[in-house]
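Note that the structure is predicted; figures quoted are calculated from it, not measured. Counting starts at 1 for both ligands and their atoms, following the listed order.
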Amino acid sequence: MTKIIEADYVVAGAGGVGMAFVDEIITHSDASVAIIDRKHRPGGHWNDAYPFVRLHQTSTCYGVNSTDMGGHGIDQVGLNKGCYELASGSEVVAYFDTVMRKRFLPSGRVQYFPLCEYNKSDDTAVSLTCGEKYEFRARKKFVDATYLNVTVPSQRDPDFEVKDGVRAVAVNELPKVITEHRNFVIVGSGKTGMDAVLFLLTNRVDPERITWVMPSDAWMFSRFDVNPGRKFSDPITQYAIGVLQCALDAKDYDDYFARLVERNLVMQLDPAVKPKRWRCATFTPMELEQLRRVKNIVRKGYLEAASSTVMKMSNGTHPTPAGAVFVDCAADGLPKVPMVKVFNGHRITLQTVRMCQQVYSAGFIGNVECNVHASEARKNELTQPVPLPYTDADYLRCAIQNSLNMAIWLTEPAVVKWINESRIDLFSPYLDFDSPEGIANIRAMGDLIQKAVPKMQALLESRRESAAAELADA
Ligand SMILES: Cc1cc2nc3c(=O)[nH]c(=O)nc-3n(C[C@H](O)[C@H](O)[C@H](O)COP(=O)(O)OP(=O)(O)OC[C@H]3O[C@@H](n4cnc5c(N)ncnc54)[C@H](O)[C@@H]3O)c2cc1C
């Protein structure tokens with residue numbers, strides 16, 4: 001028999017995004033919530049993460065708004081020295097578990113359905129342990145907190161063929177196999193691949209023993225630039241201003257990116273190799289210096305097959321180092337998904353409304369749901385999805401929408417209030433509408449956005465005119 005479960009909000013997904021949204025509902029309303037997840041505890045992909053993963057943005061601004069994650073100290077040792085602390089994966093999992101057990105469930109307003117598979121097409125779920133079936137009814141809204149479809153390497157098989165006699169492991173296994181192999185082939189150029197290389201190097205594996213398969217180099221952000229700060233003079237706001245000024249000064253599309261490099265707003269692994277990908281990853285100069293110690297970098301496209309003697313790549317072959325283990329770091333953490341309206345009748349689809357800040361975005365949308373008493377059109381105007389950056393053109397699209405969102409947020413008092421009070425906002429300078437200095441700062445920022453966005457749009461248009469360039473981006 002199917003059990004009927006009613007709640008004001010029915011939320012599919014108890015990852016960071018679902019948790020941040022629900023937290024706002026609990027804070028700003030007296031509504032009830034049902035949360036469904038196929039995992040046994042909240043935290044989503046963090047439950048499957050590799051053991052040495054850490055946040056790459058400071059803990060002080062991660063998670064749900066109501067509950068501090070800690071990490072307010074500045075690291076005094078290690079490769080993150082000088083930046084705010086970064087929680088480890090297990091700390092993140094413990095954090096979300098605590099939020100569920102100590103805040104959500106005791107509120108008496110949250111029903112939690114772990115180990116249940118949700119079916120979006122008919123809003124039913126089935127228990128993965130006992131087979132019990134549920135039909136969910138939302139008095140207010142159904143909320144999709146699974147749409148971003150985060151994937152980490154341990155959640156799927158490697159997408160290269162592993163020939164007989166070769167050992168390939170997900171990055172999660174690296175600490176176990178580190179003592180068993182002469183050589184390591186790190187497959188993947190994203191944040192996970194970089195973390196794996198840093199893990200090997202900090203555990204005194206000679207860089208000569210590391211081969212790094214890098215389908216495409218990625219731009220990186222300096223963590224010092226995105227350290228939280230709520231004053232206009234803080235580096236993170238100066239960073240945002242820099243991105244806009246580069247657009248205003250740029251002679252053409254290529255010149256825009258050249259200026260980002262010139263102003264150190266982005267970093268690259270090898271100054272001689274221009275990155276083609278964007279991945280939202282942050283690094284310290286010390287981490288970059290370590291990564292640069294690895295010289296065996298294979299830039300021949302994607303790994304298609306690994307044998308004990310040769311690696312077949314999409315653009316050629318490369319010898320397999322003797323006794324090597326292949327370490328799969330290649331999952332596309334945040335795959336490209338089409339952007340859809342956040343608010344659509346009886347449904348909310350949680351997406352990114354601030355560049356590279358998924359969890360923050362979910363909290364933001366939760367606040368709009370509760371505190372902006374306006375039409376659906378207005379709510380959507382305030383929550384335009386910001387595309388994830390993959391290519392240069394994507395980065396521009398992302399910067400444009402991010403800037404437009406910043407500008408429109410200033411027009412909504414309930415949003416300004418939330419931003420000013422929000423623990424998870426690492427980015428916005430304090431929006432002070434009461435002092436002449438505050439008003440001048442807000443005006444200056446608004447003017448800059450108004451001038452820079454049309455220029456960014458023109459730069460993007462000039463790129464679109466070249467069909468070949470678009471193809472290269474695809
Ligand atoms: C390695 C890594 C490091 C990151 N570091 C940072 C960082 O430092 N700072 C930052 O801001 N962002 C970071 N991110 C970005 C990431 O978007 C956020 O960390 C966030 O945790 C993602 O949460 P989510 O809820 O969208 O996805 P998930 O964590 O994947 O959660 C989705 C949940 O939905 C459940 N689910 C899906 N489908 C169903 C279904 N049909 N039925 C039932 N349950 C279902 C899943 O089981 C899962 O628990 C990182 C991402 C990765 C991969």
Side-chain angles (χ1 to χ4, degrees), residues 10-22 34-64 69 71 80 83-89 91-93 95-97 100 112-128 134 136 143-155 171-172 188 190-196 221 223 226 228 279-283 329-335 337 349-352 354-363 365 388 424-427:
V10 173
V11 180
V17 161
M19 295 292 284
F21 178 87
V22 172
I35 314 179
I36 308 109
D37 201 296
R38 61 165 76 107
K39 291 189 188 302
H40 76 285
R41 65 181 166 192
H45 73 85
W46 293 103
N47 286 288
D48 303 317
Y50 40 99
F52 49 90
V53 73
R54 304 195 85 86
L55 284 175
H56 59 105
Q57 291 165 13
T58 162
S59 315
T60 54
C61 299
Y62 191 77
V64 307
M69 190 183 262
N80 191 51
C83 285
Y84 281 102
E85 293 167 22
L86 309 171
S88 68
E91 285 171 324
V92 175
V93 171
Y95 168 84
F96 283 124
D97 189 45
M100 178 63 82
Y112 175 40
F113 296 85
L115 290 167
C116 285
E117 182 68 27
Y118 190 75
N119 184 346
K120 283 187 211 179
S121 64
D122 60 3
D123 298 307
T124 60
V126 58
S127 162
L128 298 170
Y134 306 99
F136 288 91
V143 181
D144 188 356
T146 69
Y147 188 71
L148 295 176
N149 196 17
V150 173
T151 315
V152 296
S154 63
Q155 292 172 333
V171 60
N172 297 43
K191 166 82 170 72
T192 306
M194 295 182 197
D195 278 355
F221 303 112
R223 198 169 299 132
V226 294
R279 296 188 195 271
C280 294
T282 72
F283 285 86
C329 304
D332 191 358
L334 281 162
V337 290
T349 306
L350 296 175
Q351 291 158 87
T352 315
R354 154 78 60 84
M355 183 174 177
C356 300
Q357 298 271 287
Q358 289 75 30
V359 176
Y360 170 88
S361 298
I365 294 167
L388 284 163
I424 53 180
D425 195 314
L426 69 93
F427 193 86

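- In Val359, the part holding a heavy atom less than 4.0 Å from any atom of ligand 1 is the side chain.
- Of the options Thr146, Leu115, Asp37, Leu128, the smallest heavy-atom separation from atom 33 (C) of ligand 1 is shown by Asp37.
- With a 4.0 Å cut-off on non-hydrogen atoms, Tyr360 does not touch ligand 1 at all.
- Each of Leu350, Val17, Val150 was checked for a side-chain contact (heavy atoms from CB on, under 4.5 Å) with Gln358, and the lone residue meeting it is Val17.
- Backbone and side-chain nitrogen or oxygen atoms of Ala14 are examined, and none is located within less than 3.5 angstrom of a nitrogen or oxygen of ligand 1.
- Under the 4.5 Å side-chain criterion, counting only non-hydrogen atoms from C-beta, Leu426 is not in contact with Tyr360.
- When each of Val152, Thr192, Asp195 is paired with Val171, the side-chain contact (heavy atoms from CB on, under 4.5 Å) condition holds for Thr192 and for no other.
- The minimum heavy-atom distance linking Phe96 with Met19 is given by the pair O-CE, 3.4 Å.
- You'll find the side chain of Cys116 stays beyond 4.5 Å of the side chain of Val126, heavy atoms only.
- Of all atoms in ligand 1, listed by their number and element, those nearer than 4.0 Å to a heavy atom of Val17 are 23 (O), 24 (P), 25 (O), 26 (O).
- Numbered from 1 in the order shown, with element, the atoms of ligand 1 that lie under 4.0 Å from a heavy atom of Tyr62 read 9 (N), 10 (C), 11 (O), 12 (N), 18 (C), 19 (O), 20 (C), 21 (O).
- Short contacts between ligand 1 and Gly16, defined as distances under 4.0 Å to a heavy atom of the residue, involve ligand atoms 23 (O), 25 (O).
- Among all protein heavy atoms, the one lying closest to atom 8 (O) of ligand 1 is His56 N, 2.8 Å.
- Distance check on atom 30 (O) of ligand 1: some protein heavy atom falls below the 4.0 Å cut-off.
- Not a single N or O atom of Thr192, backbone or side chain, sits closer than 3.5 Å to an N or O atom of ligand 1.
- Within ligand 1, counting atoms from 1 as listed, the ones closer than 4.0 Å to a heavy atom of Gln358 are 15 (C), 16 (C), 17 (O).
- Remark: aromatic rings of Tyr62 and Tyr95 are distant, center separation not under 6.0 Å.
- The Val152 neighbourhood of ligand 1 comprises atoms 53 (C), with distances under 4.0 Å to a heavy atom of that residue.
- Only the backbone of Cys116 comes within 4.0 Å of ligand 1, counting heavy atoms alone; no side-chain atom from C-beta on gets that close.
- Partner of Leu86 under the side-chain contact (heavy atoms from CB on, under 4.5 Å) criterion, chosen from His56, Arg223, Glu91: Arg223.
- Atoms of ligand 1 lying under 4.0 Å from any heavy atom of Leu55, numbered from 1 in the order shown and given with element: 7 (C), 8 (O).
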